[in-house]
Amino acid sequence: MAYRSPVYDVERVPFEKIEPNSYNPNAVAPPEMRLLYDSIKEDGYTMPIVCYYDKKRDVYIIVDGFHRYRVMRDYPDIYRREEGMLPVTVIDKPLDQRMASTIRHNRARGSHDVELMSNIVRELHEIGRSDAWISRHLGMEPDEILRLKQITGLTELFRDKEFGRAWVPEEADK
């Protein structure tokens with residue numbers, strides 16, 4: 001069977017069954033949020049929210065589209081007009097792949113909160129993802145990954161690295 005992109009299967013999902021993920025580092029400034037509201041008010045929802053469906057809890061967890069979700073949450077006129085329903089496409093991927101998808105979507109169009117990006121790199125490292133995997137799936141250069149690891153201040157992120165001696169101590173008794 002040929003691959004079928006999720007966008008061909010948009011679902012109308014009740015707002016109350018959708019929840020944000022815990023790791024999105026994307027931030028939108030108030031003027032841009034107002035512009036997003038204006039866009040949705042004038043044009044409607046033109047792009048679905050990308051979610052993972054958690055069957056056990058019967059909820060949709062946002063992978064991409066948190067700010068479109070937020071417009072419905074924060075603006076009752078939009079909620080009423082849309083009858084409390086949001087357009088959703090579903091991807092069925094494990095958490096690490098969903099994190100990577102979130103970052104790819106965000107990096108293609110927005111800015112990131114550095115501390116939250118550092119936390120994602122830390123979490124991916126803790127579940128066993130290599131720097132090469134992070135680089136390939138999140139579109140990061142090795143030096144960017146290193147800087148984000150340094151921000152976390154967690155030495156365990158560097159446990160597999162070889163370090164040379166930066167200096168040699170002088171002998172006390174010469």
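These values consider heavy atoms only, across backbone and side chains, with no hydrogens, waters or symmetry-generated copies.
The SG atom of Cys51 lies 8.5 Å from the CD1 atom of Ile61; values are rounded to the nearest 0.5 Å. To the nearest 0.5 angstrom, Arg129 atom CZ is 11.0 Å from Met99 atom CE. For the atom pair CD1 of Ile40 and CD of Glu82, the computed distance is 8.5 Å after rounding to the nearest 0.5 Å. For the atom pair OG (Ser39) and CG (Leu35), the distance works out to 6.5 Å, reported to the nearest 0.5 Å.
In this structure, Arg81 does not pair ionically with Asp77, as no charged nitrogen and carboxylate oxygen lie closer than 4.0 Å. A salt bridge is defined here as a Lys NZ or Arg NE, NH1 or NH2 lying under 4.0 Å from an Asp or Glu carboxylate O, and Asp64 with Arg104 fails to meet this definition.
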Please test Ile103 against Met117 for side-chain contact (heavy atoms from CB on, under 4.5 Å), starting from the C-alpha separation and ending with a verdict.
-> CA-CA 9 Å; Ile103 302 310; Met117 277 299 295; 3.7 Å; yes
With side-chain contact (heavy atoms from CB on, under 4.5 Å) as the test, would you mind laying out the steps for Ile18 and Met72 before giving the verdict?
-> CA-CA 11 Å; Ile18 301 171; Met72 182 171 281; over 6 Å; no
Trace of the side-chain contact (heavy atoms from CB on, under 4.5 Å) decision for Ser101 with Ile91 = CA-CA 10 Å; Ser101 292; Ile91 60 172; 4.1 Å; yes
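Under a hydrophobic-cluster definition in which Ile, Leu, Val, Met, Phe, Trp and Tyr are linked whenever side-chain heavy atoms come within less than 4.5 Å, directly or via other members, Leu95 and Trp133 are assigned to the same cluster. Taking hydrophobic clusters as Ile, Leu, Val, Met, Phe, Trp and Tyr residues chained together by side-chain heavy-atom distances below 4.5 Å, Val7 does not share a cluster with Val90. In terms of hydrophobic clustering, with Ile, Leu, Val, Met, Phe, Trp and Tyr side chains grouped at heavy-atom distances under 4.5 Å, Tyr75 and Leu86 are assigned to a common cluster. Val88 and Met85 are assigned to two separate hydrophobic clusters, defined by single-linkage of ILVMFWY side chains at heavy-atom distances under 4.5 Å. The hydrophobic cluster containing Val10 does not contain Met47, counting ILVMFWY residues as joined when their side-chain heavy atoms lie under 4.5 angstrom apart, directly or transitively.
By the 4.5 Å heavy-atom criterion applied to side chains, Ile78 and Tyr45 are counted as neighbours. Between His67 and Met33, some side-chain heavy-atom pair lies under the 4.5 Å cut-off. Here the side chains of Thr89 and Glu11 are not in contact, with every heavy-atom distance at 4.5 Å or above.
Of all non-hydrogen atoms in Leu36 and Arg68, the two that sit nearest each other are CD2-N, 3.9 Å. A pairwise comparison of heavy atoms in Ile145 and Ser135 identifies CD1-N, 3.6 Å as the closest pair. Closest approach of Tyr23 and Ile62 over heavy atoms only: OH-O, 4.4 Å.
Counting non-hydrogen atoms of neighbouring residues, nucleotides and ligands closer than 6.0 angstrom, the NZ atom of Lys93 exceeds 12 such neighbours.
For Arg73, there are no salt bridge (Lys or Arg N to Asp or Glu O under 4.0 Å) partners, not counting sequence neighbours. Among residues two or more places apart in sequence or in another chain, the ring-ring contact (aromatic ring centres under 6.0 Å, His included) test is passed with Tyr53 by Tyr60.
Judged by distance alone, the side chain of Ser118 and the main-chain N or O of Leu148 form a donor-acceptor pair under 3.5 Å. Side chain of Arg70 to main chain of Asp74: no donor-acceptor pair is present (N/O by atom type, distance under 3.5 Å, no hydrogens or angles).
Residue pairs that meet the side-chain hydrogen bond (donor to acceptor under 3.5 Å, both in side chains) test with at least one member in residues 13-22, sequence neighbours left out, are Glu16-Tyr79, Lys17-Asp58, Glu19-Arg57.
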